[in-house]
Amino acid sequence: MGYSALKIFKEGLFGQKGWKPVWRNPEPKPEYDVIIIGGGGHGLSTAYYLAKAHGITNVAVLEKGYLGGGNVGRNTTIVRANYLLPGNSEFYSHSLKLWEGMEQDLNYNTMMSQRGIINLFHSDGQRDAFARRGNAMINQGDDAILLDRDGVKDMLPMIDYDNVRFPIYGGLYHPRGGTARHDAVAWGYARGADQRGVDLIQNCEVTGIDIEGGVVRGVQTSRGAIRAKKVAIVVAGRSGQVAAMAGMRLPIESHVLQAFVTEGVKPILDNVVSFGMGHFYISQSDKGGLVFGGDLDFYASYAARGNLPMAEHVTDAAMTLMPSIGKARVLRSWGGIMDMSSDGSPIIDKTQTDGLYLNCGWCYGGFKAVPGSGFSYAHLIAKDVHHEPASKFRLDRFRTGRGLMDEEGTGSQHNLH
Amino acid sequence: MRLPCPLCGERDRREFYYQGHATMLDRPARDAGIDAWDDYLHNRDNIAGEVEDLWHHEAGCGAWIKVTRNTVTHEVSGAKLVNGARK
């Protein structure tokens, strides 16, 4: 379907009755080449790249609710490639390149806005750590600029530079980072997959995974049994439950992460800003709302809503960094269920069952990975070989201890990420 | 969320440090093998529903407690001291 100013104008005159659904609503077929469990950002992009890059179109995406109703609709829309460790660095670098070509590729406006990300620092030691991170980003071929205090001041006039505990020493600026319209990303991939013949099946909950002699045969669902040659799990916070259907226990704990948005205000913040010492980050949406968040509530949860102590902590940090926004009223707050791996890095791998694949462990960073994760997962499913940029996201690194990617340097332990 | 410390009574969640699922109490033997240690350190049942997890009353009496809590509703239905809870 084409969107144009003329079409919008005409629909405005005639009660918006001429729009048609942009994807089909098919009944499940008895058998597919590939079944993808989970119709979120990662599942939909996996389906899209299976069809587009590998010509595999006899594919179903099974979604227990509605498309894009999980974390892809609940995040704070930040896109970046500012990782330090080999394994993560090349993956997010690849993903950012896909973001940059996404609108042309999908012919869909995902409102990709490379407004730049600034990570603030407050001491000489932290400056050294950010200089090191910036060098790692440049070595990877991405962009990083170390700003001093005046450099940050030119860009962010609205923050408090002389907080007694956290004076601003400077910031690490990542110009190609930014934000994108999260729902549009899911819809763009959904439309692209549907156009190529993928069946997007909503209200279809997977209740079992059929395995015979170590080989996957299909799935049981709330809409009947469906056979498949390959089954790919990509269900974020619900990874533990779905993997259990295949007899697996994962190195994953599901935690709740909250986010907040204020009423719309005039433009005061051009970039995405992170205040790591306060566990706080903020950006301003195109509608003017200040979108911000903090750290996990730090207890296992599937509630998709948090508790007040973390809301208080996050708003404390907001007032420390930007006292000027103190009178902005918070319109909404919400929580998403994060699939926290014990080293804080993701998993894209085969499993002990032939034909069963696993994609999870995105922690609180899944949104920026949507295109890269789908691309690399589709590559693994189609060719049974790891895609090079995602080749270190192995499931067995926890068991062996080799190749753990502890990006925060806190230790590979569940309660520390 | 308030947690019922057996020594102090109901206290605010902010007084407690969260350690994780109570499987952390079942430490394997030194020679139990790589799979047992992998299960202990990393792998979790990750239940949506009633779970038992470990909290440290660090800003209170200092006790380690085992809390019975629902991960879907955040309802807390009980807590006991780890020393008493341990087999």
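Below, read A as the first sequence line, B as the second, and so on, with proteins coming before strands; counting in each chain starts at 1. These numbers come from the heavy atoms of this one structure, side chains and all, not from hydrogens, waters or symmetry mates.
With a 4.5 angstrom heavy-atom cutoff, Arg13(B) touches chain A only via side-chain atoms. In this structure, chain A has a heavy atom under 4.5 Å from the side chain of Trp55(B), while its backbone stays farther away. Using a 4.5 Å cut-off between heavy atoms, Glu253(A) contacts chain B through both its backbone and its side chain. With a threshold of 4.5 angstrom between heavy atoms, Ile252(A) approaches chain B through its backbone and through its side chain. Neither the backbone nor the side chain of Ala244(A) comes within less than 4.5 Å of any heavy atom of chain B. Looking at Asp343(A), neither its backbone nor its side chain comes within 4.5 Å of chain B, counting heavy atoms on both sides. There is no contact between Leu308(A) and chain B, counting heavy-atom distances below 4.5 Å.
The two residues Gly87(A) and Lys392(A) come nearest to each other via the heavy atoms CA-CD, 3.8 Å.
Chain B forms more heavy-atom pairs under 4.5 Å with one residue of Gln413(A), Met248(A), Arg305(A), Arg238(A) than with any other, namely Arg305(A). Looking only at heavy-atom pairs under 4.5 Å with chain B, the residue among Arg399(A), His414(A), Met310(A) that has the most is Arg399(A). Looking only at heavy-atom pairs under 4.5 Å with chain A, the residue among Ile47(B), Leu41(B), Asn70(B), Val51(B) that has the most is Ile47(B). Annotation: maximal heavy-atom pairing with chain A below 4.5 Å, among Arg69(B), Arg44(B), Gln19(B), occurs at Arg44(B). Per-residue counts of heavy-atom pairs under 4.5 Å with chain B were compared for Ala303(A), Gly240(A), Ser342(A), Ser239(A); the largest is that of Ala303(A).
Aromatic rings of Tyr281(A) and Phe292(A) (six-membered ring for Trp) have centroids beyond the 6.0 Å cut-off, not under it. Within the 6.0 Å centre-distance limit, the rings of Phe398(A) and His42(B) are counted as a close aromatic pair. A distance below 6.0 Å separates the ring centres of Tyr299(A) and His74(B).
Between Val82(B) and Leu25(B), some side-chain heavy-atom pair lies under the 4.5 Å cut-off. At a threshold of 4.5 Å between non-hydrogen side-chain atoms, the residues Leu62(A) and Ile36(A) do not count as touching.
One finds a salt bridge joining Asp12(B) and Arg14(B) here, because a Lys/Arg side-chain nitrogen approaches an Asp/Glu carboxylate oxygen to under 4.0 Å. Note on Asp39(B) versus Arg249(A): salt bridge recorded, some NZ/NE/NH1/NH2 to OD/OE distance being below 4.0 Å.
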